[in-house]
Amino acid sequence: MLDLKLLRTDINDVALRLKRRGFELDVNAFTQMEESRRVLQQKTQELQAERNSKSKSIGQAKAKGEDITPLLQEVDGLSEALKTSEQALNALQDKLNDMLLDIPNIPHETVPEGKSEEDNVEIRRWGEPRQFEFVAKDHVEVGENIGQLDFESAAKISGSRFMILSAELARMHRALIQYMLNKHTDVNGYQEMYVPYLVNADSLQGTGQLPKFEEDLFAIREHEGTSQQYYLIPTAEVPLTNIVRDNIIPPDQMPKRFVAHTPCFRSEAGSYGRDTRGMIRQHQFEKVELVQIVRPTESHQALEALTLHAEGILQDLNLPYRVMSLCAGDIGFSACKTYDLEVWLPGQEKYREISSCSNFEDFQARRMKARWRNPESGKPELVHTVNGSGLAVGRTLVAILENYQQADGSVKVPEVLQPFMGGKTSIL
RNA sequence: GGAGAGGUGGCCGAGCGGCUGAAGGCGCUCCCCUGCUAAGGGAGUAUGGGGUUUAUAGCCCCAUCGAGGGUUCGAAUCCCUCCCUCUCCGCCA
C-alpha cells in the first residue's frame, strides 16, 4: 500500500512513476474521493464532538439530580444524523481503501524502463554453460530414463501439474533442502523457522496477494460455524513476513533474517498453456525462502546481500546463471525492485527463473502495520521488507538433472550434496 | 467433541453504564539529591486520523480497552456473532 500522504501531496508524480510499470492511476477519481472523505470526516467528527459534550452534560445534570428532559430533547435527532454521517463516511473510507489496496508499488528509480520480460536487464553472469559431447536431454527425459520421475501416476492421483519423485531423486530433492537451510543458517546468518502452510486472508493482504490475486491461490473450503477462511501458502514469504504484522520491533532486534523451507501451492490460473511439460510449473513445489525485516535505510543494501545469498547456492552447485534486473513493466505488484536469478537449462538452451529477490520497501509493512521503534525519533516507523527464494527446490532439481546428466543416462551428484546422500556420487 | 474462565497501554493488573484514554505497580526517559554504587524525591511515558500552522513544536477535536454488529442521550463496562488464550473431561499424530 502506498502512503496516503504521498498520494495527497504528490499524486501527479506518483501517477507518473506508476505509469512506468504500466499502471494507470485514476487521479481524478482519487482526488474527488479523498476530498469528499475529508469533508465528510470533518462533519462526522463535529457531530461526534457535539454528542460527546451533550452526553457529558446529561451525566452531570443527572448526578446533581436535575431534570434532564430538556437536555434529552436537545440531543434528539442528533444520534440519527450522526449515524447517517458515520455510515456514509465508513462506506467512502472502505471504497478509498479498496482503491488503495489495488495500487501497486512504485518502482525504484534504479529499475530499468520497459514493458515486459524482453526489457529486463542483465546485471551479471556466472559460470560457463557446459559443452555437451552428446545432445542434452531435458529433465523429463533424464528423470524418466532413470525411472525416478513419474508424472503419470501423479496425474492419476491428483491431476496435471503434479509429480512423484522416487529413490535417489527423491533423496536428492531432500538433500537440496537440507543443504540450503544449513548454508543460510550456518553461513549467511538467517534464523530457521517452521511456519504454518495455511494462512488467513489478513496475512495474504499483508504481503499483497489479496485482494487482487485471489484466483492464483488455493482456498480451503469454509467450515461450518466459523468465519475463518484458510488459504494454502503460495510462498513462505506470506507466513514469514507476517510474523511481524501488527508489531513494533525494538531497535535491538533489527534486522530480522528468517529462512524457512515450505511447500508452495499455486493454482497457475493464468498460465494454462505454459510449461505444461515437466516440473518447471507445478501446483505444489518446495522452496527455501529468505526474508529480511530491516531498517528503511538498509533495505537496498539488504536486497543486494540477499541476492548474493541466493546466488551462493547456485555457485555451490556449480550451476551457470545470470542475474536480471526486472524492468518496471515486469516487476511484481508489491515490489519496488526485483532481481531474478536465471539458471542455465541445457535441455531448453535457455536461462530460466530459479529465484526472485525483491525489495518491497514499506509497501508490505504499511499493509501489515509492521513497525520498529526508531531510536532517533523514539517513534514507531514502518520497516522495510526484503525477500527472495534461496532457492526454488524443484527448479534446482531440474537444473541439476539437465546440467549433470551423463552420456550413459546417469546423473552426477553435485559435490556439496554428496554428504546428504550417503556419499553417493552418481544416480542411475 | 463436552464443561468452564478469560482477552484492558511496553509488561503486570484494577475498572463492570457518565467525571476512565483508562487507578495502582513494574519497566523506560529526563531532572533533583548523594564522593562511587545502592537507595530516595519529582516530572514524563499508547497508536492512528482531522483541524490550526509556511512547517515543526504547541493547541483543539475524533477514533481505538481481541474483531465486527446492536441497545442507550452516553459503552472498556450490557446484548449478539466471530477470532484467540487458558483449565478440566473425551478423542487423537
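A, B, ... follow the sequence lines: proteins, then strands. Residue 1 opens every chain.
Ion pairing between A:Lys287 and A:Glu289 holds under the 4.0 Å rule for side-chain N and carboxylate O. Of the charged side-chain nitrogens involved, none lies within less than 4.0 Å of a carboxylate oxygen, so that A:Asp275 and A:Arg161 do not count as a salt-bridged pair. Taking the charged nitrogens against the carboxylate oxygens, A:Glu46 and A:Lys43 have no contact shorter than 4.0 Å, which rules out a salt bridge.
Applying the side chain to side chain donor-acceptor pair (under 3.5 Å) criterion to A:Ser153, with sequence neighbours excluded, gives A:Asp150. Annotation: side chain to side chain donor-acceptor pair (under 3.5 Å) contacts of A:Ser410 (sequence neighbours excluded): A:Asp408. In this structure A:Arg51 satisfies the side chain to side chain donor-acceptor pair (under 3.5 Å) test with no other residue, sequence neighbours excluded. A search for side chain to side chain contact (heavy atoms under 4.5 Å, CB included) contacts involving A:Ile11 returns A:Leu7, A:Leu25, A:Val27, A:Phe30, A:Thr31, not counting sequence neighbours. Applying the side chain to side chain contact (heavy atoms under 4.5 Å, CB included) test to A:Phe213 and every residue at least two apart in sequence or in another chain returns A:Asp216, A:Phe333.
The CG-P distance, from A:Asp246 to B:C83, rounds to 18 Å in whole Å. A:Leu40 has its CG atom 16 Å from the C1' atom of B:C61, to the nearest Å. Between the CG atom of A:Asp202 and the P atom of B:G68 there is a distance of 11 Å, given to the nearest Å. Remark: C1' of B:C82 and CG of A:Asn200 are 13 Å apart, rounded to the nearest angstrom. Atom CG of A:Leu82 and atom P of B:C61 are 17 Å apart (whole Å). At whole-Å resolution of the value, OH in A:Tyr230 and C1' in B:C84 are 11 Å apart.
Spacing of C1' atoms, B:U77 relative to B:G21, comes out at 15 Å, to the nearest Å. Spacing between B:U52 and B:C78 at atom C1', rounded to whole Å, works out to 39 Å. Comparing the P positions of B:U87 and B:C82 gives a spacing of 23 Å, expressed to the nearest Å. Distance check on atom C1': B:G74 versus B:G27 gives 36 Å, rounded to whole Å. Spacing of P atoms, B:G25 relative to B:G41, comes out at 11 Å, to the nearest Å. For the P atoms, the distance from B:C84 to B:G90 is 24 Å, rounded to whole Å. Taking the C1' atom of each, B:G6 and B:C12 are spaced 15 Å apart, rounded to whole Å. One P atom belongs to B:G50, the other to B:G44, and the distance between them is 28 Å to the nearest Å.
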Q. How would nucleotides 71-78 of chain B be written as a contact map, 5' to 3', with B for base contact, S for sugar-phosphate-only contact and - for no contact, using protein heavy atoms under 4.0 Å?
A. S-BS----
Q: Starting at the 5' end of nucleotides 44-59 of chain B, put B wherever the base has a protein heavy atom under 4.0 Å, S where only the sugar-phosphate does, and a dash everywhere else.
A: ---SSBSS--------
Side chains of residues 412-428 of chain A: which donor-acceptor pairs under 3.5 Å do they make with residues two or more places apart or in other chains?
from     : atom 1 : to       : atom 2 : distance (Å)
A:Gln418 : NE2    : A:Val413 : O      : 2.9
A:Lys424 : NZ     : A:Glu168 : OE2    : 3.2

N/O donor to acceptor pairs below 3.5 angstrom from side-chain atoms of residues 379-394 of chain A, sequence neighbours left out:
from     : atom 1 : to       : atom 2 : distance (Å)
A:Glu381 : OE1    : A:Asn374 : ND2    : 3.1
A:Glu381 : OE2    : A:Asn374 : ND2    : 3.2
A:Glu381 : OE2    : A:Ser377 : OG     : 3.0
A:His384 : ND1    : A:Pro296 : O      : 3.4
A:His384 : ND1    : A:Ser299 : OG     : 2.8
A:Thr385 : OG1    : A:Gln364 : OE1    : 2.7
A:Asn387 : ND2    : A:Glu237 : OE2    : 3.3
A:Ser389 : OG     : A:Ser356 : N      : 3.1

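Under the ring pair (Phe, Tyr, Trp, His ring centres under 6.0 Å) criterion, the residue pairs touching residues 276-318 of chain A are A:His108-A:His300, A:Phe162-A:His283, A:Tyr190-A:His309, A:Phe218-A:His283, with sequence neighbours excluded. The stretch residues 3-15 of chain A participates, sequence neighbours left out, in these side chain to side chain donor-acceptor pair (under 3.5 Å) pairs: A:Arg8-A:Glu34, A:Asp13-A:Arg17.
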Q. For RNA chain B, what dot-bracket results from Watson-Crick or G-U pairs at under 3.5 Å, with [ ] for crossers and | for inter-strand partners?
A. ((((((((.[[[..)..(.....]]]((((((.......))))))(((((((.....))))))).[[[[[..)....]]]]])))))))....
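Remark on RNA chain B: of its neighbouring residues A:Gln87 and A:Glu46, the 5'-side contact belongs to A:Glu46, judged by nearest-heavy-atom nucleotide.
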